[in-house]
Amino acid sequence: MNYTYLDCLSALGVGGAHPGGLQLTKELLSKEKIDETKLILDAGCGTGQTSAYIAERYQCQVTALDSNKIMLDKARKRFSSIQLPIKVKEGSTEKLPFEERMFDMILSESVICFTDICLTISEFKRVLKQNGVLIATEMVLEKSLAEKDLKTIVDFYGVTQLLTEKEWHNLLQKAGFTQVNVEKFKLQLAKNEVQNATDFSLSENIDENIFEILEQHEYFTTKYKDILGFRVFRCCI
Ligand SMILES: C[S@@+](CC[C@H](N)C(=O)[O-])C[C@H]1O[C@@H](n2cnc3c(N)ncnc32)[C@H](O)[C@@H]1O
């Protein structure tokens, strides 16, 4: 069987599967005004590391959504093991199963690039309240690249498109986000502490091909280290 990069993440149950991990998530959230009255959507929650952190730290209502059943099972296990009342929803960011203007904040960490980008962005805008905030951490193309290499990356990661910072900015503005701030972060490995570490929730009987994907990911990360970067987009309506 041919596995995708996302199959690999779900089989290994990687928590904090975005650049900067939980450490960056904490830093970003610490700049926001969050209290227990807020409704927050973790869109593409994976195994729910970020959702659990928000619910514990801010005591607010968190909804964790993902389209992958394996990821969601692992997220449910995490939440029930620490008795967090997080709402778990299976669904796609491209057609969110929520009414308009429901959330004060949407966090989307390394998710939009795996989806139809325009559909997802317009759905995020639809379900955000007036004055709501979208914080999206996304892969960006730092330099132009030969078509062949672009295709290799797109095919391997299963992303729909590889966009530059400017292209992301334009799409977010076009979708109706009036204020789009972009921040570039350096990954600070030395500051990574145990409580911010990537965690794993392994499935039973993991196929050895899954580990090949992991190895290939390491290889691409090194090979394209100057080509693939990431940005945090903070967007308001
Ligand atoms: C790289 S992982 C990031 C997971 C999590 N945000 C984190 O940082 O650990 C991407 C996640 O997006 C989810 N995903 C991909 N396409 C999706 C879609 N259309 N709707 C909802 N979730 C999606 C995947 O299932 C996966 O859990």
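The first residue in the sequence is number 1, and the count goes up from there. Just so it is clear, the values below take in all heavy atoms, side chains as well, and ignore hydrogens, waters and symmetry mates. First listed ligand is number 1; within each ligand, the first listed atom is number 1.
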Exercise. When you look at Tyr3 and Ser10, which way does the side chain to side chain contact (heavy atoms under 4.5 Å, CB included) test go after all the steps?
Worked result: CA-CA 11 Å; Tyr3 293 101; Ser10 64; over 6 Å; no
Write out each pair where an N or O from ligand 1 and one from the protein are under 3.5 Å apart, with the distance.
from	atom 1	to	atom 2	distance (Å)
ligand 1	6 (N)	Gly44	O	2.7
ligand 1	6 (N)	Glu109	O	3.0
ligand 1	8 (O)	Ala17	N	3.4
ligand 1	8 (O)	His18	ND1	2.5
ligand 1	9 (O)	Gly16	N	3.2
ligand 1	9 (O)	Ala17	N	2.7
ligand 1	19 (N)	Ser92	OG	3.1
ligand 1	20 (N)	Thr93	N	3.0
ligand 1	22 (N)	Ser67	N	3.4
ligand 1	22 (N)	Ser67	OG	3.4
ligand 1	25 (O)	Asp66	OD1	2.6
ligand 1	27 (O)	Asp66	OD1	3.4
ligand 1	27 (O)	Asp66	OD2	2.7

Exercise. Which residues pass the ring pair (Phe, Tyr, Trp, His ring centres under 6.0 Å) test with Tyr224, sequence neighbours left out?
Worked result: Phe220
For this session: For Phe124, enumerate each residue passing the ring pair (Phe, Tyr, Trp, His ring centres under 6.0 Å) test, keeping only those at least two apart in sequence or located in another chain.
Result: none
For this session: Taking atom types as modelled, find out whether Thr152 and Asp149 have a side-chain donor-acceptor pair closer than 3.5 angstrom.
Result: no
Problem set entry | Side-chain H-bond candidate by donor/acceptor type, His169 with Thr164, under 3.5 Å | no
Which atom pairs, donor and acceptor, lie under 3.5 Å between side-chain atoms of residues 126-135 and protein residues at least two apart or in another chain?
from	atom 1	to	atom 2	distance (Å)
Arg126	NE	Glu123	OE1	2.8
Arg126	NH1	Phe98	O	2.9
Arg126	NH2	Leu96	O	3.1
Arg126	NH2	Phe98	O	3.1
Arg126	NH2	Glu123	OE2	3.0
Lys129	NZ	Asp104	OD1	3.2
Lys129	NZ	Asp104	OD2	3.3

